[in-house]
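Structure, as structure tokens:
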Amino acid sequence: MAEIIELARQALPHQAAARLRSMLIEGTIAPGAKLNERELCEQLKISRTPLREAIKMLASEGLVELLPNRGAVALSLGEQDVIDTFEVMANLEAHSGELAAARITDDELAEIRALHFEMLAAYTRRDLPRYYALNAQIHACINAAAKNPVLTRTYAQLNARLQALRFRSNQDGQKWQRAVDEHERMIDALARHDGAAMRTVLTEHLNNKRDAVLELIRSGQLNRAGASL
């Protein structure tokens, strides 16, 4: 019994981190907002110790910043930060896509196709949280299919900074449809083992995400908690 209780105690920070991660990505906690420990403890029904451990996990992922005398705040990227980060990310995704097209196995392609069909179902239901989760899995699977561990680690570290922005970039109906169309092109390029096509569509995909985010920043909509477009 004591061992079960200990395992449950150890799992609490990870469970809290998962819920906080969703709140940050989906904009329930706005960029730049302070994480109020008392309110979050009440909301998540946990004590401060596992909450603080969860916040440290998210800080290591780049979703939260730990600032002296201010505590933890949700990551907020300025316009130039967004431009610079997406510039690097577009190159990482394009390179991983090109490598994946050459190295992907039939089983890996089948898994990505299955996730793609699930993602299309979520799109049809306009279930943005589910769509985003599946979308993120697809990009991670493409990156994994490149079979370059250094590239995968670099991708994961940088992508953590952009998760909330990538989520919000799909809230406009027309932009969301365009993103779905780009994913269709990715599947086609992977199936044909066409590295040049993968590089092109992924570069376009990330540049469109960047432009959508910059539009949100310039219109003042990005920093509203729970904003919908």
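Index from 1, following the sequence.
- Using a 4.5 Å heavy-atom cutoff, the side chains of Leu20 and Leu44 are in contact.
- Side-chain contact between Thr49 and Leu12: absent, with no pair of heavy atoms (C-beta onward) separated by less than 4.5 Å.
- Summarising the local packing, CD of Glu42 is surrounded by more than 12 heavy atoms from other residues, nucleotides or ligands at distances under 6.0 Å.
- Linking Ile, Leu, Val, Met, Phe, Trp and Tyr residues whenever their side-chain heavy atoms come within less than 4.5 Å places Phe117 and Leu128 in a single cluster.
- Counting all heavy atoms, side chain and backbone alike, Ser96 lies closest to Ala146 at O-CB, 3.5 Å.
- Of all non-hydrogen atoms in Ile25 and Tyr132, the two that sit nearest each other are CG2-CE2, 3.8 Å.
- In this structure, Arg218 and Glu79 have side chains that are in contact, with non-hydrogen atoms separated by less than 4.5 Å.
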Asn143/Leu92 under side-chain contact (heavy atoms from CB on, under 4.5 Å): CA gap, chis, key distance, verdict:
CA-CA 9 Å; Asn143 188 270; Leu92 286 175; over 6 Å; no
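- Residue pairs meeting the salt bridge (charged side-chain N to carboxylate O under 4.0 Å, His left out) criterion with at least one partner in residues 134-145, sequence neighbours excluded, are absent.
- One distance of note links CE of Met119 with OG1 of Thr124; it measures 10.0 Å at 0.5 Å rounding.
- Atom CD1 of Ile142 is separated from atom CG of Leu109 by 10.0 Å, given to the nearest 0.5 angstrom.
- Panel note: side chain Ser219, backbone Leu216; a donor-acceptor pair is recorded below 3.5 Å.
- Residue Pro13 comes nearest to Glu53 through the heavy atom pair CG-OE1, 3.2 Å, listed as atom of the first residue, atom of the second, then distance.
- Side-chain contact between Met23 and Leu40: present, with at least one pair of heavy atoms (C-beta onward) separated by less than 4.5 Å.
- Considering only residues two or more places apart in sequence or on other chains, Asp188 meets the salt bridge (Lys or Arg N to Asp or Glu O under 4.0 Å) condition with Arg192.
- Scored by the side-chain hydrogen bond (donor to acceptor under 3.5 Å, both in side chains) test, Arg130 finds Glu118 as partners (sequence neighbours excluded).
- Counting only residues at least two apart or on different chains, the salt bridge (charged side-chain N to carboxylate O under 4.0 Å, His left out) pairs with a member in residues 101-113 are Glu108-Lys147.
- Note on Ile217 and Val73: separate hydrophobic clusters, where clusters join Ile, Leu, Val, Met, Phe, Trp and Tyr whose side-chain heavy atoms are under 4.5 Å apart, directly or indirectly.
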Can you list the steps and then say if Leu77 with Val213 is a side-chain contact (heavy atoms from CB on, under 4.5 Å)?
CA-CA 10 Å; Leu77 296 179; Val213 170; over 6 Å; no
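- A continuous path of ILVMFWY side-chain contacts below 4.5 Å connects Leu134 to Val180, so both sit in one hydrophobic cluster.
- Contact between Thr152 and Ala144 at its shortest, heavy atoms only, is OG1-CA, 4.4 Å.
- Side-chain contact between Leu99 and Leu151 is present, with at least one heavy-atom pair separated by less than 4.5 Å.
- Looking only at side-chain heavy atoms (C-beta outward), Met57 and His14 come within less than 4.5 Å of each other.
- Taking both residues in full, the closest heavy atoms of Gly32 and Ser76 are given as N-CB, 3.6 Å, listed atom of the first, atom of the second, then distance.
- For Glu39, the salt bridge (Lys or Arg N to Asp or Glu O under 4.0 Å) test picks out no residue, with sequence neighbours left out.
- The CG atom of Leu190 sits 11.0 Å away from the NE2 atom of His116 when rounded to the nearest 0.5 Å.
- In this structure, CD1 on Ile83 lies 4.5 Å from CD on Gln80, to the nearest 0.5 angstrom.
- Applying the side-chain hydrogen bond (donor to acceptor under 3.5 Å, both in side chains) test to Ser60 and every residue at least two apart in sequence or in another chain returns nothing.
- With sequence neighbours excluded, the residues that form a side chain to side chain contact (heavy atoms under 4.5 Å, CB included) with Ala212 are Ser169, Lys175.
- Counting only heavy atoms from C-beta outward, the side chains of Leu63 and Leu75 never approach each other to under 4.5 Å.
- Residues passing the side-chain hydrogen bond (donor to acceptor under 3.5 Å, both in side chains) test with Tyr123, sequence neighbours excluded: Gln177.
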With a 3.5 Å cut-off and sequence neighbours excluded, list the donor-acceptor pairs that the side chains of residues 195-205 form with protein atoms.
unit_1 : atom_1 : unit_2 : atom_2 : d
Arg199 : NE     : Glu98  : OE1    : 2.9
Arg199 : NH2    : Glu98  : OE1    : 3.0
Thr200 : OG1    : Ala196 : O      : 3.0
Thr203 : OG1    : Arg199 : O      : 2.8
Glu204 : OE1    : Arg185 : NH1    : 3.4
Glu204 : OE1    : Arg185 : NH2    : 3.2
Glu204 : OE2    : Arg185 : NH1    : 3.1
His205 : ND1    : Glu182 : OE1    : 2.5
His205 : NE2    : His139 : NE2    : 3.4

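- The distance from the CG atom of Leu51 to the CG atom of Leu35 is 7.5 Å, given to the nearest 0.5 Å.
- Within the structure, the ring pair (Phe, Tyr, Trp, His ring centres under 6.0 Å) test picks out no pair touching residues 64-101 (sequence neighbours left out).
- For the atom pair His183 NE2 and Leu120 CG, the distance stands at 9.5 Å (nearest 0.5 Å).
- Partners of Glu65 by salt bridge (Lys or Arg N to Asp or Glu O under 4.0 Å), not counting sequence neighbours: none found.
- Considering every non-hydrogen atom in both Tyr155 and Ala140, the closest pair reads OH-N, 4.0 Å.
- The side chain to side chain contact (heavy atoms under 4.5 Å, CB included) check on Gln157 picks up nothing, with sequence neighbours excluded.
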